[in-house]
Amino acid sequence: MSGGAGLQARTIFAPATAPGRAGVGIVRLSGPEAGSTASLLTGRPLPPPRSAALRLFSDPRDGEPLDRGLLLWMPGPATVTGEDVVELHHHGGRAVRAGLLAALAAVPGLRPAEPGEFTRRAFLNGRLDLTAAEAVADLVDADTRLQARQALRQLDGAFGQRCAVWRECLAAALALAEAEIDFGAEEGDVGESLLAPRLAELRGMAAGIAALLEEAPRGARLREGLCVAVVGAPNAGKSSLVNLLARREVAIVTEIAGTTRDVIEVELELDGLPVTLLDTAGLRESADPIEREGVARARRRAAEADLRLLVVDAREDAAAALEELGGDGEVLLVVNKRDLVPEGTPLPPGALAISCLGAQGIGRLEERLAGAARRLMGTGEGGGATRERHRLALAEAWGALDRFLAGHGRIELALAAEELRLAARALGRITGAVGVEEVLDRIFAGFCIGK
Ligand SMILES: Nc1nc2c(ncn2[C@@H]2O[C@H](COP(=O)(O)OP(=O)(O)OP(=O)(O)O)[C@@H](O)[C@H]2O)c(=O)[nH]1
Ligand SMILES: [K+]
Ligand SMILES: [Mg+2]
């Protein structure tokens, strides 16, 4: 058996750079055999730690030269994974990379890394908490400036540290509660005196968690992108508008009502914010089963969207269209085809007039959309929850803390203290201090290889 394929192999390797041609590519190794492998590949002793050395990399199996590149040797534990790490900076061609990877796979004790395995090891070795590990994935996935900013803030640990500090504070309160329970049992009525000075702090924490919960939907939208559904009657000009906003012909435009059937998604960046625009089928009753399915999809996606952009033909009744749309989500009313009505025709309140034909009013609409996006997503500076996992845990912590504060002094202290324990556990799950097993696989499965 080739040593490299063994599952027990403790040293992992993977390209750290994207596939394809490039000036430079990097292959990274992490684990106990990283250093010896570097010596094997170069036929020389390791260079001094953390300084780049020019070396010839050769295949250890037959001595065939693979590339001349830079070798970086970074002994653990002060490395990205907490283990010994080696980086091979090679010429970024496919053949060079493939040759290096094949040579490494044949080295006993080495195997290719799973997606996210470098970051997973960093987490397991205490180099970063779970929120920071998630931030690594988000930073790699970030498409827009503000998404990157949010991920970087989370990587800095602002959110994780807040949760960790709160958890310590809960642990201290819990210790006092337990002391109080013990004293109370022995001496009768020490009562609330031990925990009482902590109550204000716990109330402040509950308010802090509530604030993070309120901010959480914004963080999640920024991470995932704001979903804006363009809806309206057939021929209102939805596809024409989507094409203008996308600056390319993504959707078919014809004068035939019922042209768009499937939902068409377009990714936009508005003022640094990620927006997914959905073009949808015109809403109407139809005998055609294909169009009926299209309309059903349009309604479903519109109901789930963060914002609905209702397009109305200037010659049609906007109020009726609004009513027909229904639902309780946020709606931006856009009156299209203004070129077809006399100038000065009054607009419904809050509506924006455009004409797709002459690309009139599109700039103002983009500003409106960007404003809504800023309001609905924030600017990445909240430094709070960005994932459903975070939101659920925060909600659980808040609920337990709230029950503690409501029950303290009125119900048995042992019962109230149990709520403190629940709140601490919920916060611990966010940073990965507790309950890690359940979430690890799910989180790291979302990573690319080499991270
Ligand atoms: N005069 C005028 N015509 C427009 C304007 N915007 C779109 N149109 C025309 O209106 C017709 C319908 O446009 P579409 O963009 O296909 O409308 P839609 O809402 O996507 O239609 P469905 O997909 O069938 O629901 C096309 O012939 C467009 O050229 C406008 O501002 N002024
Ligand atoms: K049409
Ligand atoms: Mg259309």
Side-chain angles (χ1 to χ4, degrees), residues 226-268 270 275-327 329-370 372:
L226 189 80
C227 183
V228 178
V230 180
V231 290
N235 268 356
K238 301 177 295 297
S239 301
S240 305
L241 177 58
V242 166
N243 288 347
L244 280 172
L245 291 172
R247 291 181 170 74
R248 58 199 169 94
E249 304 294 307
V250 280
I252 300 172
V253 170
T254 77
E255 67 290 342
I256 301 165
T259 299
T260 305
R261 302 291 175 88
D262 277 324
V263 176
I264 299 172
E265 300 195 12
V266 197
E267 313 277 334
L268 302 180
L270 281 179
V275 173
T276 303
L277 209 57
L278 307 181
D279 186 18
T280 62
L283 304 174
R284 69 170 172 185
E285 303 290 325
S286 170
D288 177 352
I290 304 171
E291 185 174 1
R292 265 218 307 277
E293 176 57 25
V295 171
R297 287 179 187 205
R299 289 197 183 280
R300 207 158 50 231
R301 299 295 291 275
E304 294 164 0
D306 298 308
L307 177 67
R308 290 172 299 166
L309 211 155
L310 176 60
V311 184
V312 183
D313 185 317
R315 298 162 299 179
E316 307 283 335
D317 181 355
L322 261 173
E323 196 177 310
E324 139 80 3
L325 181 61
E330 196 167 328
V331 178
L332 175 56
L333 181 59
V334 177
V335 176
N336 186 31
K337 307 198 185 183
R338 281 289 278 185
D339 55 289
L340 296 183
V341 296
E343 223 168 300
T345 304
L347 276 174
L352 206 70
I354 64 166
S355 168
C356 289
L357 203 62
Q360 299 291 311
I362 304 301
R364 257 183 305 139
L365 174 56
E366 280 175 332
E367 277 164 32
R368 273 276 196 102
L369 274 177

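Counting starts at 1 for both ligands and their atoms, in listed order. Owing to the predicted nature of the structure, the values given are computational and were not obtained by experimental measurement.
Each of the following atoms of ligand 1 lies closer than 4.0 Å to a heavy atom of A257: 24 (O). Remark: ligand 1 atoms within the under-4.0 Å shell around heavy atoms of I256 are 24 (O). Near L357, the atoms of ligand 1 lying under 4.0 angstrom from a non-hydrogen atom of the residue are 1 (N), 2 (C), 5 (C), 30 (C), 31 (O), 32 (N). Taking every non-hydrogen atom of L340 and a distance limit under 4.0 Å, the qualifying atoms of ligand 1 come out as 1 (N). Those atoms of ligand 1 that come under 4.0 Å of a heavy atom in G258, given as number and element, are 24 (O). Residue contact check: G282 has heavy atoms under 4.0 Å from atoms 25 (O) of ligand 1.
Counting backbone and side-chain atoms alike, T259 contributes no N/O/S atom closer than 2.8 Å to the Mg ion (ligand 3). The Mg ion (ligand 3) has an N, O or S atom of T260 inside 2.8 Å of it. Inclusion of S239 in the first shell of the K ion (ligand 2) is not supported: no N, O or S atom falls under 3.4 Å. Taking 3.4 Å as the criterion, T260 does not count as a coordinating residue of the K ion (ligand 2), since none of its N, O or S atoms falls below it.
The nearest heavy-atom contact from the protein to atom 21 (O) of ligand 1 is N235 N, 3.0 Å. When only non-hydrogen protein atoms are considered, atom 11 (C) of ligand 1 lies nearest to T254 O, 3.6 Å. Of all protein heavy atoms, the one closest to atom 32 (N) of ligand 1 is D339 OD1, 2.8 Å. At the shortest separation from atom 18 (P) of ligand 1 among protein heavy atoms lies K238 N, 3.5 Å. Of the protein's non-hydrogen atoms, the one nearest atom 31 (O) of ligand 1 is C356 N, 2.8 Å. The protein non-hydrogen atom at the shortest distance from atom 23 (O) of ligand 1 is T260 OG1, 2.8 Å. Protein heavy atom in closest approach to atom 6 (N) of ligand 1: N336 ND2, 3.2 Å.
The shortest N or O to N or O distance between D279 and ligand 1 is not below 3.5 Å. For the pair A236 and ligand 1, the shortest N or O to N or O distance falls below 3.5 Å. At a 3.5 angstrom cut-off on N or O pairs, R338 does not count as close to ligand 1.
Nearest-residue assignment for atom 7 (C) of ligand 1 (options A233, A251, S240, S355; heavy-atom criterion): S240. Remark: among candidates V253, V231, T280, I264, the nearest residue to atom 28 (C) of ligand 1 is V253, based on non-hydrogen atoms. Around atom 10 (O) of ligand 1, the closest heavy atom drawn from K337, R315, E255 belongs to K337.
Salt-bridge annotation for R301 and E265: present, with a side-chain N of the basic residue lying under 4.0 Å from a carboxylate O of the acidic one. Taking a cutoff of 4.0 Å between a charged side-chain nitrogen and a carboxylate oxygen, R247 and E366 qualify as a salt bridge. Salt-bridge formation is not detected for the pair E291/R297: no Lys NZ or Arg NE/NH1/NH2 atom is positioned less than 4.0 Å from an Asp or Glu carboxylate oxygen. Using a 4.0 Å cut-off between charged nitrogen and carboxylate oxygen, R338 and D313 do not count as a salt-bridge pair.
When OD1 of N235 and O of T254 are joined through the K ion (ligand 2), the resulting angle is 90° to the nearest 10°. Centred on the K ion (ligand 2), the OG1 atom of T259 and the O atom of I256 lie at an angle of 50°, reported to 10°.
The line from NZ of K238 to OG1 of T259 is 8.5 Å long, rounded to the nearest 0.5 Å.
A donor-acceptor pair is defined here as one N or O able to donate and one able to accept, closer than 3.5 Å; such a pair exists between the side chain of D306 and the backbone of C227.
A 4.5 Å side-chain heavy-atom check between L245 and N243 finds every atom pair outside the cut-off.
No more than 12 heavy atoms of other residues, nucleotides or ligands lie within 6.0 Å of CD1 in I290, so this atom counts as exposed by the packing criterion.
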